[in-house]
K.L.:
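The structure under discussion is supplied below as structure tokens; questions concerning it will follow.
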Amino acid sequence: CSYRLRDALHPLWQSPLTIPGGTRQSPINIQWRDSVYDPFLKPLKISYDPTTCLHIWNNGYSFLVEFDDSTDRSIIVGGPLENQYRLKQFHFHWGAINEWGSEHTVDSKFYPAELHLVHWNAVVYPTFEEAVMEGNGLAVIGVFLKLGAHHEGLQTLVDALPAVKHKDTVVEFDVFDPSCLIPSCPDYWTYAGSLTTPPLTESVTWIIKKQPIEVDENQLEAFRMLLFTSDGEEEKRMVDNFRPLQPLMNRTVRSSFQ
Ligand SMILES: NS(=O)(=O)c1ccc(O)c(NC(=O)NCCc2ccccn2)c1
Ligand SMILES: [Zn+2]
């Protein structure tokens with residue numbers, strides 16, 4: 001008898017976990033010894049204008065800090081990128097406990113959380129929505145969070161989280177410079193990948209910083225107090241909002257360092 005293998009549905013997104021024909025899906029495990037040093041990779045240049053910060057939004061999957069991306073005031077350029085890319089938002093993925101939570105792994109090690117700073121190619125594409133559909137449309141900087149010292153810069157964000165406890169709540173959040181969340185060490189890995197949530201489009205140049213930032217237990221716990229659910233619904237804690245690892249397939253991870 002013939003039967004159709006149902007694509008495994010992701011518990012969080014009730015959508016197929018795999019993209020049929022996907023060849024560059026994210027996240028992946030970064031095997032340090034298999035990454036290839038590329039001497040032609042430039043340093044990544046980051047210039048953010050803190051006044052482009054708009055608000056924090058709980059979208060029911062993570063909390064997003066969104067920026068005014070109508071001009072080139074907050075951009076990144078260099079690194080593996082051909083063009084400059086505009087900052088649109090940043091968000092995090094984290095676990096219920098400190099043993100896991102990041103989307104990417106390094107030598108199969110999970111971090112308790114991972115920051116994604118999302119940028120789009122406004123030089124080539126008129127809107128973010130169009131850039132999301134194109135191979136060179138997005139550039140996402142990934143930063144690992146590890147348990148350690150209190151992070152001063154993150155605390156201003158943590159203090160605002162109770163205001164966006166429920167799905168579809170927004171709170172004003174002006175004047176924040178996300179470069180305080182990016183480690184000073186310039187070293188990164190880069191590879192061609194995808195969004196890690198629907199629509200899972202293969203449009204992301206990933207730039208994963210080698211050095212994690214340190215945050216303390218209270219700050220991670222503050223993430224875990226958020227809810228997937230709207231006010232009035234049965235409460236579901238927002239935790240484990242990371243996608244499973246995807247096959248590397250025919251890709252090489254390049255490093256900016258030896
Ligand atoms: N996690 S990620 O790859 O950095 C990334 C970056 C920019 C994005 O717009 C997305 N995805 C996204 O916004 N999806 C629409 C909202 C959503 C999020 C999760 C599940 C279903 N729909 C993911
Ligand atoms: Zn993400």
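Please read these numbers as outputs of a predicted model, since none were measured by experiment. As the structure lists them, so they are numbered: ligands from 1, and atoms in each ligand from 1.
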K.L.:
Is K109 paired with E99 through a side-chain N to carboxylate O contact shorter than 4.0 Å?
P.N.:
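Between K109 and E99 there is no salt bridge, as every charged N stays at least 4.0 Å from the carboxylate O atoms.
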K.L.:
Tell me, which protein residue and heavy-atom name are nearest atom 15 (C) of ligand 1, and how many Å apart are they?
P.N.:
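Here the closest protein heavy atom is P198 O, 3.7 Å.
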K.L.:
Under 4.0 Å from any heavy atom of W13, which atoms of ligand 1 are there?
P.N.:
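Counting atoms of ligand 1 from 1, those under 4.0 Å from W13 are 19 (C), 20 (C).
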K.L.:
Show which atoms of ligand 1 fall inside a sub-4.0 Å distance from at least one heavy-atom site of T197.
P.N.:
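What qualifies from ligand 1 is 10 (C), 11 (N), 12 (C), 14 (N), 18 (C), 19 (C), 20 (C), 23 (C).
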K.L.:
Just checking, any donor-acceptor pair under 3.5 angstrom between side chains of E66 and H55?
P.N.:
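Yes, H55 and E66 have a side-chain donor paired with an acceptor closer than 3.5 Å.
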K.L.:
Under the criterion salt bridge (charged side-chain N to carboxylate O under 4.0 Å, His left out), I'd like the reasoning laid out for D187 against K209: C-alpha separation, chi angles, the key distance, then a yes or no.
P.N.:
CA-CA 6 Å; D187 296 348; K209 300 291 282 186; over 6 Å; no
K.L.:
Please write down residue, atom name and distance for the protein heavy atom closest to atom 18 (C) of ligand 1.
P.N.:
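The closest one turns out to be Y61 CD1, 3.3 Å.
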K.L.:
Ligand 1 versus F128, non-hydrogen atoms closer than 4.0 Å: side chain, backbone, both, neither?
P.N.:
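Only the side chain of F128 comes within reach of ligand 1.
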K.L.:
Could you point out which residue of Q155, H150, H151 forms a side chain to side chain donor-acceptor pair (under 3.5 Å) with D216?
P.N.:
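Result: among Q155, H150, H151, H150 is the only option passing the side chain to side chain donor-acceptor pair (under 3.5 Å) with D216.
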K.L.:
For the 3.5 Å polar cut-off, considering only N or O atoms, please tell me whether L195 and ligand 1 meet it.
P.N.:
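It does not: no N or O of L195 is found under 3.5 Å from an N or O of ligand 1.
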K.L.:
For P212 and K146, which heavy atoms make the closest approach, and how far apart are they?
P.N.:
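Heavy atoms of P212 and K146 come nearest at CG-CD, 3.7 Å.
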K.L.:
Any side-chain donor paired with an acceptor under 3.5 Å for W94 and D240?
P.N.:
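Checked: W94/D240 side chains show no N/O donor-acceptor pair below 3.5 Å.
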K.L.:
Rounded at 0.5 Å granularity, tell me how far CG in L181 sits from CG in D177.
P.N.:
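It comes to 8.5 Å.
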K.L.:
Given a threshold of 2.8 Å, state how many protein N/O/S atoms are nearer than that to the Zn ion (ligand 2).
P.N.:
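N, O or S atoms of the protein closer than 2.8 Å: 3.
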K.L.:
Taking the basic N atoms (NZ, or NE/NH1/NH2) and the acidic carboxylate oxygens, is any pair closer than 4.0 Å for D69 and R86?
P.N.:
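No, this pair does not count.
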K.L.:
Which of the numbered atoms in ligand 1 are under 4.0 angstrom from any heavy atom belonging to W206?
P.N.:
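Ligand 1 atoms under the 4.0 Å threshold to W206: 3 (O), 4 (O).
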K.L.:
Could you check whether K210 makes a cation-pi contact with Y188, meaning its NZ or CZ is under 6.0 Å from the centre of the six-membered ring and within 45° of the ring axis?
P.N.:
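No - K210 does not lie over the ring of Y188 by the 6.0 Å and 45° rule.
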K.L.:
When you compare the side chain of I207 with that of L81, does any pair of heavy atoms fall below 4.5 Å?
P.N.:
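The answer is yes, as the side chains (C-beta and beyond) meet within the 4.5 Å cut-off.
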K.L.:
Can you find a non-hydrogen atom of R243 under 4.0 Å from ligand 1?
P.N.:
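Checking ligand 1 against R243, which is what was asked, there is no heavy-atom contact under 4.0 Å.
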K.L.:
Provide the number and element of each atom of ligand 1 under 4.0 Å from a heavy atom of H93.
P.N.:
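By the 4.0 Å cutoff, the relevant atoms are 1 (N).
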K.L.:
Would V204 count as a contact of ligand 1 if the rule is a heavy atom under 4.0 Å away?
P.N.:
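No; V204 lies far enough from ligand 1 that no heavy-atom distance drops under 4.0 Å.
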K.L.:
Counting only heavy atoms, which portion of T196 has something under 4.0 Å from ligand 1: side chain, backbone, both, or neither?
P.N.:
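For T196, the contact with ligand 1 is made by both the backbone and the side chain.
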K.L.:
Does any N or O of ligand 1 fall below 3.5 Å from an N or O anywhere on N59, backbone included?
P.N.:
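No, there is no polar N/O contact under 3.5 Å.
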K.L.:
Using a 6.0 Å distance limit plus a 45 degree cone around the ring axis, check whether K88 lies over the aromatic ring of F128.
P.N.:
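Judged by the rule (NZ or CZ under 6.0 Å from the ring centre, within 45° of its axis), K88 counts as positioned above F128.
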K.L.:
Can you confirm whether something in the protein, heavy atoms only, sits under 4.0 Å from atom 9 (O) of ligand 1?
P.N.:
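Looking at atom 9 (O) of ligand 1, one finds that a protein heavy atom does lie closer than 4.0 Å.
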K.L.:
With distance as the sole test, does S203 use its side chain to make a donor-acceptor pair with the main-chain N or O of M133 at under 3.5 Å?
P.N.:
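Not a single qualifying donor-acceptor pair exists.
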